[in-house]
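Before any comments, here is the structure.
Each ligand, and each atom within it, is numbered from 1 in the order the structure gives. Model, not experiment: these values are computed from the prediction.
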Amino acid sequence: MEFLRPETWQEALAHKAQRPETVPIAGGTDVMVEINFDRRRPAALLDLTRIPALTGWQRDENRIRIGANVTYARVIEELGAELPGLAMASRTVGSPQIRNRGTIAGNLDAASPAGDAHPILLATEASVEAESVRGTRLIPATEFYVGVKRNALAPDELIRAVHLPVLRGPQQFSKIGTRNAMVIAVCSFAIALDVAQRRVGTGIGSAAPTPRRVPDAEDFVSEALPWESRDPLPDSVATRFGELVSLAASPIDDVRGSAAYRRHALAVMARRNLAWAWKEYQCA
Ligand SMILES: Cc1cc2nc3c(=O)[nH]c(=O)nc-3n(C[C@H](O)[C@H](O)[C@H](O)COP(=O)(O)OP(=O)(O)OC[C@H]3O[C@@H](n4cnc5c(N)ncnc54)[C@H](O)[C@@H]3O)c2cc1C
């Protein structure tokens, strides 16, 4: 197996253009597992860890651009205040070792329906900065997941960064697993309240072939919430929101859980996450 070690982003893009089948490696927490279990035997690995352009994050007035090599541990430590939902999701990933190596970009490219970063990226309307020698484009998270473990990147493209809007308002993420840590989600749910726009964003994970938003539930709850008065969350609103989220899932029965359980759990998580977020909004 060839091991390519570009020192610059341009060099990495040139490798990917010349040999699109080359497999990028960042933290290696997905790639190395696949190689160790012989599920994948790429002719060449493209190590991105030496590229300075991928290691930082930048903030402008209303968004944060997270470089592809920024780890979960750094998201938690450095961006927890401004991106609370992403930090919450990051805290649930694997173990300290995995969070010290694993990246959001790696999670995105792997595009597992159970990946923990996806629901909050959907709920906050994040986008993926994809680049090739042909140029750069921003792919909205809603268009990025195109099938089970498939994404919208072209064969010659790499992920350069992830862009998240900095929203004013509470965010939540919940994940159900068979234990508290080192667990793949049975299903997961994220919510983001955009107080300025009076809008609620959602994302569900591990309950459909791809992570997905729930536009019906978003429209319903954005309209129904008592934004002005900050009155307590009406039970009827929370219940209907949970139902709409659950109805939008198309889960399967598998070793981690049944489809029926996933639907039920999603309704519960949606209600609870909405209630927690609303409480925070009331107290702010
Ligand atoms: C023990 C263990 C526990 C785990 N627990 C969780 C968990 O709780 N939740 C969860 O969601 N995941 C979990 N994972 C999976 C994994 O840690 C995550 O998916 C992580 O985000 C992968 O990031 P990485 O940088 O290690 O990616 P890598 O393994 O380096 O790469 C993953 C994929 O992304 C591609 N890639 C990497 N960088 C780029 C780039 N810049 N552009 C284009 N493609 C790129 C690779 O080619 C590969 O296809 C776990 C893994 C292990 C081994």
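Distance from atom 27 (O) of ligand 1 to its nearest protein heavy atom, with residue and atom name: Gly106 CA, 3.5 Å. Protein heavy atom nearest atom 11 (O) of ligand 1, with residue, atom name and distance: Asp116 N, 2.8 Å. Looking only at protein heavy atoms, the nearest one to atom 19 (O) of ligand 1 is Asp30 OD2, 2.6 Å. Among all protein heavy atoms, the one lying closest to atom 12 (N) of ligand 1 is Asn107 ND2, 3.8 Å. Considering only non-hydrogen protein atoms, atom 38 (N) of ligand 1 sits nearest to Ala26 CB, 3.7 Å. Here the heavy atom of the protein found nearest to atom 52 (C) of ligand 1 is Ile98 CD1, 3.6 Å. Shortest contact from atom 39 (C) of ligand 1 to any protein heavy atom: Leu48 CD1, 3.9 Å. Looking at atom 31 (O) of ligand 1, its nearest protein heavy atom turns out to be Val31 CG2, 3.4 Å.
With sequence neighbours excluded, no residue forms a side chain to side chain donor-acceptor pair (under 3.5 Å) with His15. Every side-chain contact (heavy atoms from CB on, under 4.5 Å) that Asp109 has, sequence neighbours left out, goes to Asn151, Leu153, Ile159.
Surrounding CG of Asp235 are at most 12 heavy atoms belonging to other residues, nucleotides or ligands under 6.0 Å away.
In terms of N/O distances under 3.5 Å, ligand 1 is not approached by Gly102. Residue Met32 has no nitrogen or oxygen atom sitting less than 3.5 Å from a nitrogen or oxygen atom of ligand 1, judged on distance alone. The shortest N or O to N or O distance between Glu157 and ligand 1 is not under 3.5 Å.
For the residue pair Ala12 and Leu48, the shortest heavy atom distance occurs at CB-CD2, 4.0 Å. Listed here is the closest heavy atom pair of Val195 and Trp227: CA-CZ3, 4.3 Å.
Residues Ile120 and Tyr145 fall within the same hydrophobic cluster, defined by Ile, Leu, Val, Met, Phe, Trp and Tyr side chains chained together at heavy-atom separations under 4.5 Å. Note: the hydrophobic cluster containing Val237 also contains Ile191 (ILVMFWY, side chain heavy atoms under 4.5 Å, direct or indirect links). Residues Leu121 and Val166 fall within the same hydrophobic cluster, defined by Ile, Leu, Val, Met, Phe, Trp and Tyr side chains chained together at heavy-atom separations under 4.5 Å.
Side-chain contact between Val23 and Arg40 is present, with at least one heavy-atom pair separated by less than 4.5 Å. A 4.5 Å side-chain heavy-atom check between Arg160 and Arg65 finds at least one atom pair inside the cut-off.
Residue-ligand proximity: Gln97 is placed with every non-hydrogen atom at 4.0 Å or more from ligand 1. In this structure, Arg99 does not count as a contact residue of ligand 1, since none of its heavy atoms falls inside 4.0 Å of the ligand. Note on ligand 1: Thr71 sits outside its first shell, no heavy atom being nearer than 4.0 Å. Taking a 4.0 Å cut-off on heavy atoms, Leu108 fails to register as neighbouring ligand 1.
Side chains of Thr210 and Arg150: a donor-acceptor N/O pair is absent below 3.5 angstrom, by distance only. Using a 3.5 Å distance cut-off with no hydrogens or angles, the side chains of Asn100 and Tyr72 do not pair a donor with an acceptor. Side-chain atoms of Ser95 and Gln97 form a donor-acceptor pair, as typed in the model, at a separation below 3.5 Å. Defined by atom type and a distance below 3.5 Å, a donor-acceptor pair is missing between the side-chain atoms of Arg262 and Ser246.
Contact annotation for Glu129 and ligand 1: no heavy atom of the residue comes within less than 4.0 Å of the ligand. Under 4.0 angstrom from ligand 1, the non-hydrogen atoms of Met182 all belong to its side chain. Here His118 has no heavy atoms under 4.0 Å from ligand 1, in either its backbone or its side chain. Only the side chain of Val33 comes within contact range of ligand 1, with a heavy atom under 4.0 Å; no backbone atom does.
Cation-pi geometry between Arg230 and Tyr281 is satisfied (NZ or CZ under 6.0 Å from the ring centre, within 45° of the ring normal).
Looking at Leu153, Asp109, Val93 and measuring to atom 34 (O) of ligand 1, the nearest heavy atom belongs to Asp109. In the candidate list Val23, Ile25, Thr29, Thr92, Thr29 is nearest to atom 53 (C) of ligand 1, counting heavy atoms. Which of Leu54, Ile159, Asn69 comes nearest to atom 42 (N) of ligand 1 through a heavy atom is settled by distance: it is Ile159. Comparing Gly94, Ser206, Gly205 against atom 5 (N) of ligand 1, the shortest heavy-atom distance belongs to Gly94.
Counting atoms of ligand 1 from 1 in the listed order, those under 4.0 Å from a heavy atom of Ala68 are 41 (N). Every atom of ligand 1 with a heavy atom of Gly115 under 4.0 Å away is listed here by number and element: 11 (O). Ligand 1 places these atoms under 4.0 Å from at least one heavy atom of Gly27: 24 (P), 25 (O), 26 (O), 30 (O). For ligand 1, the atoms lying closer than 4.0 Å to a non-hydrogen atom of Val183 are 8 (O). Close approach to Tyr72 involves these atoms of ligand 1, each under 4.0 Å from a residue heavy atom: 20 (C), 21 (O).
Within a 4.0 Å radius of atom 47 (O) of ligand 1, the protein contributes one or more non-hydrogen atoms.
In this structure, OG on Ser90 lies 9.0 Å from CZ on Phe173, to the nearest 0.5 angstrom. Here the straight-line distance linking atom CZ of Arg213 with atom CD of Glu125 works out to 4.5 Å at 0.5 Å rounding.
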